[in-house]
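Below: one structure, written as structure tokens.
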Amino acid sequence: MFIAIIVLLLSLILFRFEYSQVKKLKSKKDKWTLLVGFVIGLYCAISLPLDLPVPHMNRVMDQLVGPIAKPIATMLQSFRIK
Amino acid sequence: MSEKVRISGAQFAILVIMNVLGTAIIIVPSIAASFGQQNGWFSVLLATLFGIGLVFLYYLIDNNHPNKNLYEQLEDLFGKWIGKFLSVLFIVFFFEIAIGNLRVMGDFIITQILVNTPIEVIMLLAVITCLIAVRMGIEVISRTAEIFFPYTVIAIILLITLVLPESEITHIQPVLQNNIAATLAGVIPLLGYPFLELVVMLAIMKHVNKQKAGRGFLVGMTIGGLLLTVVTLMCLVVLGSDITARNVYPTYVLGKKISVADFLDRIEILVAIIWFFTIFFKITISFYVVAIGVSHTLNLKNYKTTTIPLAYVIMVFGFFASPNIISTRIFLSSTWIPVSLIFGLVIPIVMLVVGFVKKKI
Amino acid sequence: MSRFKIFNTLKDNKETVDKISDDNNKSLHKDISKNISEVKQMLGNSFDIVTREIKIGETNSIEAVVIYTDGLVDKDLVHNYVLETLMIDVRKAESEKKINSDQELYNFIKNSTLTTVELKEIDIFPDLYHHLLSGDTIVLLNGFPKGFAVGSRGWEDRGVQEPSSQQVVRGPKDAFTETLRTNTALIRRRIKDPNLWIETQKIGKKTQTDVAIAYINGLVTEDIVLEVKQRLNKIDIDSILESGYIEELIQDEAYTPFPTMYNSERPDSISAGLLEGRVAILVDGTPFVLLVPALFIDFFQSSEDYYQRSDIGSLIRLLRFFAFFLALLTPSAYIALTTFHQEMIPTTLLTSIAAQREGVPFPAFIEALIMEITFEILREAGVRLPRAVGSAISIVGALVLGQAAVEAGIVSATMVIVVSLTAISSFVSPTYNMAISVRMLRFGFMILAATFGLYGIILGLILMVLHLTGLRSFGIPYLSPMAPLAVGEQKDALIRAPLWMQTRRPKLISQKDKIREKTEKPKPTRQ
């Protein structure tokens, strides 16, 4: 919890710095991307200390391409040394 | 949007070498030896030849649209919306490369070098460094690579020459007699990791001169692949195929064999740390390409807008990417093969064909 | 009531401001006494302003005044060529009936009397003040709203002495001084090329400091000269007291520990820079001349490299780079090895280090920090100290802090060796400002090493190189010719190739007049 608060505070400082930079671009899209990006980033950042769910990319990929990957893996497995 | 800068052919070649070697240099010998056993080096050599073939494919694609990066080409070839969809898929692919390598690097450092340090901190530091590099732009990244490249090569050559006295040629004999099928099968996981990952270079190839890009890519791929082959060969010759296959980081074990005049015994950390340069540049390039991809897809004014949020995401997704190095290895020799084939080979071939058809019409 | 008072003072202030801005182009009065009183009022009756009222001529004499600033003028010159001629020569001429009217007298004084090289007519007060305070002598005649500024500058200066900061064994021993004219002369004496152009301008609203930029036309890239001029013109400051002011105000990147402008008090270094197509910025009042653009490698080169044989020059250059890394990384490497990677230290050495460290209560990082900070204090004290007490400091440093600290068990002997090695290495740097940046960065590396061992050091190195490659000095990449790599430029970078090999000028800085020499490899003419 304590770590999460520190992370949040540091991120806010970082956001202030970055927002002042993005402001100079004078592009609404950039501002919104930064805002949304920071919300996602902050969720990720506090998910570590607070144990919030975050997709495990390798598992997601396993499930997506599983049907193709399975036969290749078993084929390769037969060649491996035991 | 991507920047308007130029990088030289030599710098591009160095980036290619860094991308071939990064993290692969510490794991590939083990993967190769687990299939071809004493012929594992031949698998790496064959994979290198395949990689050199890939260079021609990528070169032809780049040649069709010399001043466009990967994302711009996709939109040109497939129209705005399909192009954007494919761009997003590619971004996820590159993102996976970045977080996968970050995790491998973290696992390596906490198991071998800084045993009591939490992996989060190690990865965080690496991500911050990469973030700073990405924000400085591709020009600075490639120049920095130019500075560090000689030391990387010196470290590898030093490693090879210093363990040479320990080698026993019987370890790889009989040469190419047994296990031919397994040796050929061993090529398949090596294609996906690292050679097909080189599709990442298509996204920065537009910063290089047209002719120099092809030559740089070719030279880089050849040198990188050969270095990988030689390192695998040394692992096999010094350690034997069994130890090489059963160790997760055989190259690091190889480093432990270094002994200079019975005085400098355990300088493997120095060697390992210098490999960190290659890993760093691999992560940085993937990170950079993801950043310009996102900003291109969203039509942002400056790619730097996305870098800080992306750093958070890469850090945390990298942490959750895989629980340990063993599961990463299983991932690399199963799921990663079709994924990298789709992005590194199938889509580029489709791009090339569509490009030719469009030109004919 | 008080409110009104404030109001009034504000109003008064505004009036004075208006008055001053009116004064900007105020012309001289016809009446000489009015002029004198105005000058005296403006300069606050300062005692070093000397006014000497005289009468010129006998029959139709005219009142005149000679004003100068005591200490800034050559007094002999004022006596012999201003006062004497005005008071005596004019009378002679008058007796010969050459002068009939005041106007003729004025012309006579202008053309035939004031026998000095520099003479300027002035008719407005700002000009008068400027010349007066620069050391010229002002001559005003009654009845004329104009006068003369006679060039009589001559003040006490240090004279050309040996350089105190960049000493050489072989090579010229003269150094720049505080006088701009002397400095430009020192450069001109070395480069007798008509294309050596020197342009001056005044910077500093109060100090009115002369700042000169020198370059060799035809060698230099015009863009760089233009860029220097534009950056200088952007300066809006009241005072320039040293070239450091200029450096800080026109450098490319404000937030960097590394110097992006070269400075030297050696005329030969500056001349060599000019001959490579660089631009020198000379500031009146300081012997330190700036040279732009400056690359990272320039700070590792000494002019002596070119005066000694090329092999030894090359080796010494490599030694300097090695010393740079030693000064940067020795303490951090020691910390990393002793805290994280003990297995890398050879066993015999490790046991002796461990035995020494047995009685030391601090972790290696604190130990190193104590010694490094002590050393920095010692060094700073040594620089500011009067010479007479200098030996006391070295005794304190060597005996008390070195030996006694080890014997008391506060630090280990190895640590003392590490710190001394760092110190000696940082003195190798031929330029002071690069040594300073190393001093600062060293502490950062120590912190990284204490927390993450070699991994931290490597990350620190990557960050440092990233920063260096991102830097530019007047458009030239700071790390060139290493990154971007220029193979042809390596002859004068890490090593110093023999002169007969360096046929071309460094092409990064200037693309013009590329051929520097055509001398062939020396050999006897008769075999």
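Note that the structure is a prediction, hence the values are computed from the model and not measured. Every chain is numbered from 1, with letters handed out A, B, ... down the list of sequences.
Heavy atoms only, all atoms of each residue included: B:Lys301 and A:Lys26 are closest at NZ-O, 3.7 Å. Heavy atoms only, all atoms of each residue included: A:Met61 and B:Phe331 are closest at CB-CE1, 4.1 Å.
Using a 30° and 60° split on the angle between ring planes, B:Tyr312 and A:Phe38 fall in the perpendicular class, above 60°.
When the candidates A:Leu48, A:Val22, A:Val36, A:Leu42 are compared by the number of heavy-atom contacts under 4.5 Å with chain B, A:Leu48 comes out ahead. Across A:Ala69, A:Ala45, A:Gly66, the residue that shares the most heavy-atom pairs under 4.5 angstrom with chain B is A:Ala69. Among B:Gly100, B:Ser334, B:Ala185, the residue with the largest count of heavy-atom pairs under 4.5 Å with chain A is B:Ala185. For the set B:Leu310, B:Ile308, B:Val313, the count of heavy-atom pairs under 4.5 angstrom toward chain A peaks at B:Ile308. Annotation: maximal heavy-atom pairing with chain A below 4.5 Å, among B:Pro323, B:Gly318, B:Ala321, occurs at B:Ala321. Ranked by heavy-atom pairs under 4.5 Å with chain B, the list A:Asp62, A:Ile68, A:Leu64 is led by A:Asp62.
Applying the 6.0 Å contact sphere to CG of A:Leu50 captures more than 12 heavy atoms from other residues, nucleotides or ligands. Within a 6.0 Å radius of CZ in A:Arg59, other residues, nucleotides and ligands contribute 12 heavy atoms or fewer.
Of the atoms belonging to B:Leu298, heavy atoms from both backbone and side chain fall under 4.5 Å from chain A. The parts of B:Ser333 that come within reach of chain A are both its backbone and its side chain, each placing non-hydrogen atoms under 4.5 angstrom from that chain. Of the atoms belonging to A:Thr74, not a single heavy atom falls under 4.5 Å from chain B. When heavy atoms are compared at a cutoff of 4.5 Å, B:Val339 approaches chain A solely by way of its side chain, counted from C-beta outward. For A:Ile72, the part lying near chain B is the side chain, with the backbone staying farther off; criterion is any non-hydrogen pair under 4.5 Å.
None of A:Pro55, A:Pro53, A:Ser47 except one satisfies the side chain to side chain contact (heavy atoms under 4.5 Å, CB included) rule with B:Phe320; the exception is A:Ser47.
Taking CG from A:Leu34 and OG1 from B:Thr307, the interatomic distance works out to 9.0 Å, rounded to the nearest 0.5 Å. For the atom pair CG (B:Leu300) and CG (A:Asp30), the distance works out to 4.5 Å, reported to the nearest 0.5 Å. A:Gln21 CD to B:Asn302 CG: the interatomic distance, rounded to the nearest 0.5 Å, is 9.5 Å. Between the CZ atom in B:Phe35 and the CD atom in A:Gln77 there is a gap of 7.0 Å [rounded to 0.5 Å].
Between B:Ile337 and A:Leu76, the closest side-chain pair of non-hydrogen atoms falls below 4.5 Å. Between A:Met57 and B:Val92 there is a side-chain heavy-atom pair separated by less than 4.5 Å. Residues A:Asn58 and B:Ser327 have side chains not in contact (no heavy-atom distance under 4.5 Å, counting atoms from C-beta outward).
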